[in-house]
Structure formats: structure tokens, C-alpha cells
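Working notes, structure below.
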Amino acid sequence: MKVLIAGCGYVGTALARALHVRGVPFLGLARNPQTLAEWTRAGWPVREADVNAPDTLRTVERDFTDVVDCVAAGRAGGVEAYEKTYHEGMRNLIAATAPWLHPPRLIFTSSTSVYGQNDGSVVEEDSSTDLAGPTGAVLVRTERLCLESGRGGVLRLAGIYGPGRGMNFKRFMAGEAVIEGEGRRHINQIHREDIVGVIVAVLERPALVGETFNVVDDAPVTQRDFYGWLAERTGKPMPPTVPAAQNAERTFGLTDKRISNRKMRERLGHALRYPTFREGLEPMIREWESGSADLSRIVRN
């Protein structure tokens, strides 16, 4: 196994750390000078390259068994940014690696935003993606491009949280969270370390081509129950309630679904380190309680 990591951000860096510990050879592709410097200081192999600059991809060695595409469109990402970063980026990766003597498998980290269900229903990999919003629709097309290459697999990631990241947790700790309506909308999340664990599990199973997996923890939770647990655990007050329509324009407020990880558990046999948000948030809460948390960083990111 030799892994090419396209995108050295929050997930890509954690994946590199896990591969390094396992002694698995890898190379990161990054365009951000700060990221390049950080990986160099860590002693990890990295090269300046961009999935939207095909010439930079053609110079990469041709002996990788797998490419993990975990690029990100950035915080200001709209439809245009999604189209360029994900769809065009995937097309470039496919084209750049197709001439290799042994074309590598492509693993695309997509998002559960491809599901637009808003009735609280259970969603599995074969559930409809017809209701996806504009950016979700770009991801659906990118997934299709990856799978139609004949050497791709798709991981649909739920809301990512972990060290320094977690939108719902940050807003609660900053006193900026609100409960929409009766708070019945479901939150689906996955810890970064469990994302990495699933990626490694897929890398170790070369036969899993043409497959799609939901990568989410075992416990979709309503907004009210999520904040209720945090309030009880931290002693902070419950967030105020606002009309559901007040947040209707926010992307994360448009859907309500319970995403199932049944296929992931059954096919990969992978045990999550943080099966629910409770286990996953405990280290972050303890950091806050100890006074060592950089709350300004937590709120910004």
C-alpha cells in the first residue's frame, strides 16, 4: 500500500499521522504554504500541487496504490467553489492517474449533505439524493464521476468535529447556539479520528471498489437533546429558542434526517472510537474545564 493524499487539511493531516504511525508510505499534495511548512516540520513527505492545476499532478510518481481525495472548498465555498474544487478536481485526478501502469483506486470523501430529506426519516446509502441542495448536487455529480471511473469508492461524511472543530459545540460554549422551534431536527456527526479509522479500513480492503458508505456515528440526536446533554454536563444554560423559520436560510437548517451507518459497520467491521457525541465531546469539554482550551480559536474555526 502506498497512499497519495490530495488535500492536507483537517482530515488529510490526521490521515497522514495515522499512516505514519502504521509505517504506511504516503505523499501529501497541498497548495497552502503554511500546510506545506507544517508537514515539512513534521517530517512528512509533501509536495506543492493543486487538483485544479493538472500540470502539477503529472509530476507525481506513478507507484501509488490509492488516492484519497479529501480536498475542501473552504469556508466561503458556494456552488462555483464546489464545482471547481470537487467536480473539476476529481476529473483532473482521474485524468492524471489514468495513464499509470497500475491506475490507483480513488477514495472520495464526500458529504451527507447529498441527502436533502427533511422529515426525520432514516437515510441509508441507497436513499434518494434528488433533494440535495445546490452544493450537495455538485457532490452527487462528483461521486458519480468517481464511481464511473471503475476504480472509485465514496465516503459520505457527516458533520465533522474533533480537536479545534465542531460547529454545534463551539456555538454552545460561546453562548451563540439557538434551538430551532421545538428542537426536533436531528444532528448527525462523526469525530475526525473515526473518519480516519474508516479511511484506513477501506484502504486495507482493496476489493471495495464501486461502494458508497455513510460515515457517521451510532447516534443521530435531536438538537434539543444534544444541547440538553451539554447543558447538564457543563452547567451552562440551555440555548434560547427561536422560530424554526428564522434559520431556514442556513444550509444546515434545511434538512432533518437520521443517517444510518449500518452498512459501514457490517461491511467494514470497524468499531468507532467515539460511537456517540458524548464520548467524542468529553476530551473537548475537559480541555475547556481545565482552562487550557483556546476558546477564541474554538469559536473562530
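Everything quoted here is computed from the prediction, not taken from an experiment.
The minimum heavy-atom distance between Leu19 and Val3, with the atom names listed, is CD1-CB, 3.9 Å. Residues Phe108 and Cys146 approach most closely at CB-SG, 4.0 Å, considering heavy atoms. Residues Trp39 and Ala16 come closest through the heavy atom pair CH2-CB, 3.4 Å. Taking all atoms of both residues into account, the shortest heavy-atom contact from Ala158 to Val216 is CB-CG2, 3.6 Å. In this structure, Met1 and Leu203 approach most closely via the heavy-atom pair CE-O, 3.5 Å. Contact between Ala98 and Pro103 at its shortest, heavy atoms only, is O-CG, 3.6 Å.
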Would you check, one step at a time, whether the test side-chain hydrogen bond (donor to acceptor under 3.5 Å, both in side chains) holds for Glu279 with Thr276? CA-CA 6 Å; Glu279 295 88 356; Thr276 79; 2.3 Å; yes
side-chain contact (heavy atoms from CB on, under 4.5 Å) for Thr109 and Ile199? Distances and angles first, verdict last. CA-CA 9 Å; Thr109 57; Ile199 293 175; 4.2 Å; yes
Would you sort out whether Leu230 and Ile285 count as a side-chain contact (heavy atoms from CB on, under 4.5 Å), showing the intermediate values? CA-CA 9 Å; Leu230 270 176; Ile285 294 173; 3.9 Å; yes
Check step by step if salt bridge (charged side-chain N to carboxylate O under 4.0 Å, His left out) holds for Arg278 and Glu282. CA-CA 6 Å; Arg278 299 172 184 85; Glu282 271 296 335; over 6 Å; no
Give the intermediate values and the outcome of side-chain contact (heavy atoms from CB on, under 4.5 Å) for residues Leu281 and Tyr161. CA-CA 9 Å; Leu281 289 181; Tyr161 74 101; 3.9 Å; yes
When you look at Arg156 and Glu143, which way does the salt bridge (charged side-chain N to carboxylate O under 4.0 Å, His left out) test go after all the steps? CA-CA 9 Å; Arg156 291 173 174 166; Glu143 291 181 357; 2.7 Å; yes
With side-chain contact (heavy atoms from CB on, under 4.5 Å) as the criterion, how do Phe213 and Val198 come out once you've worked through the C-alpha distance, each side chain's angles and the decisive distance to 0.1 Å? CA-CA 10 Å; Phe213 293 94; Val198 171; 5.7 Å; no
Go through Asp256 and Arg184 one step at a time and tell me if the salt bridge (charged side-chain N to carboxylate O under 4.0 Å, His left out) criterion holds. CA-CA 8 Å; Asp256 178 18; Arg184 293 180 179 176; over 6 Å; no
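Of the inter-residue distances, the one linking Arg91 atom CZ with Asn52 atom CG reads 12.0 Å to the nearest 0.5 angstrom. We find the CG-CD distance between Asn168 and Glu176 to be 12.5 Å, quoted to the nearest 0.5 Å. Rounding to the nearest 0.5 Å places CD of Glu148 at 12.0 Å from CZ of Arg141. Note that the CZ atom of Arg62 and the OG1 atom of Thr59 stand 10.0 Å from one another [nearest 0.5 Å]. The distance from the CZ atom of Arg41 to the CG atom of Leu36 is 11.0 Å, given to the nearest 0.5 Å. Rounding to the nearest 0.5 angstrom, the gap separating the CG atom in Leu139 from the OG1 atom in Thr112 is 10.0 Å.
Atom CD of Glu61 is surrounded by more than 12 heavy atoms from other residues, nucleotides or ligands within 6.0 Å. Environment of NE2 in His270: crowded, with over 12 heavy atoms of neighbouring residues, nucleotides or ligands closer than 6.0 Å. The neighbour count for Arg31 CZ, taken as heavy atoms of other residues, nucleotides or ligands under 6.0 Å away, does not exceed 12. More than 12 heavy atoms of other residues, nucleotides or ligands shown are found within 6.0 angstrom of CZ on Arg233.
For Lys236 and Thr234, the side-chain atoms include no donor-acceptor pair closer than 3.5 Å. Using a 3.5 Å distance cut-off with no hydrogens or angles, the side chains of Ser127 and Glu124 do not pair a donor with an acceptor.
Hydrophobic cluster membership differs between Ile5 and Leu57, with clusters built from Ile, Leu, Val, Met, Phe, Trp and Tyr side chains linked at under 4.5 angstrom. There is a path of hydrophobic side-chain contacts, each under 4.5 Å, that joins Val200 to Leu157. Both Met173 and Trp229 belong to a single network of hydrophobic side chains, linked directly or stepwise wherever heavy atoms of I, L, V, M, F, W or Y lie under 4.5 Å apart. Linking ILVMFWY residues whenever their side-chain heavy atoms come closer than 4.5 Å, directly or via other members, leaves Val67 and Trp44 in distinct clusters. Using a 4.5 Å cut-off between side-chain heavy atoms of Ile, Leu, Val, Met, Phe, Trp and Tyr, with links allowed through other members, Val68 and Val24 fall into the same hydrophobic cluster.
Put simply, the side chain of Leu4 does not reach to within 4.5 Å of the side chain of Pro104, judged on heavy atoms. Looking at heavy atoms from C-beta onward, Arg224 lies in side-chain contact with Thr241 at the 4.5 angstrom threshold. Within the 4.5 Å cutoff, the side chain of His191 has no heavy atoms near those of the Arg273 side chain. Between His20 and Phe26, the closest side-chain pair of non-hydrogen atoms falls below 4.5 Å. You'll find the side chain of Leu101 stays beyond 4.5 Å of the side chain of Asp63, heavy atoms only. Taking the side chain as every heavy atom from C-beta outward, Arg47 and Thr56 never approach each other to under 4.5 Å. You'll find the side chain of Leu106 reaches within 4.5 Å of the side chain of Ile94, heavy atoms only. Asn188 has its side chain within reach of Pro220: a pair of non-hydrogen atoms, C-beta onward, lies under 4.5 Å apart.
With Thr13 contributing its side chain and Cys8 its backbone, the two residues share a donor-acceptor pair below 3.5 Å. Formation of a donor-acceptor pair under 3.5 Å by the Asn92 side chain with backbone atoms of Pro54 is not found in this model. Listed for the Thr222 side chain is a donor-acceptor partner under 3.5 Å among the backbone atoms of Asp225. In terms of modelled atom types and a separation under 3.5 Å, the side chain of Arg258 and the main chain of Gly120 share a donor-acceptor contact. Judged by distance alone, with hydrogens and angles left aside, the side-chain atoms of Thr65 form a donor-acceptor pair with the main-chain N or O of Lys2 at under 3.5 Å. In this structure, the side chain of Arg192 does not engage the main chain of Pro163 through any donor-acceptor pair within 3.5 Å. Formation of a donor-acceptor pair under 3.5 Å by the Asp194 side chain with backbone atoms of Leu272 is not found in this model.
Across Arg151, Arg105, Lys263, a single residue satisfies salt bridge (charged side-chain N to carboxylate O under 4.0 Å, His left out) together with Glu211, and that is Lys263. Results of the side chain to side chain contact (heavy atoms under 4.5 Å, CB included) test with Asn261 over Asp218, Ile190, Val215 single out Asp218 as the only residue that passes.
Cation-pi geometry between Arg165 and Tyr10 is met: the NZ or CZ atom falls under 6.0 Å from the ring centre, inside 45° of the normal.
Using a 30° and 60° split on the angle between ring planes, Tyr227 and Phe172 fall in the parallel class, below 30°.
Under the salt bridge (charged side-chain N to carboxylate O under 4.0 Å, His left out) criterion, Lys84 pairs with no residue at all, not counting sequence neighbours.
For an aromatic pair to be called close, the ring centres must be under 6.0 Å apart, and Phe277 with Phe226 satisfies this.
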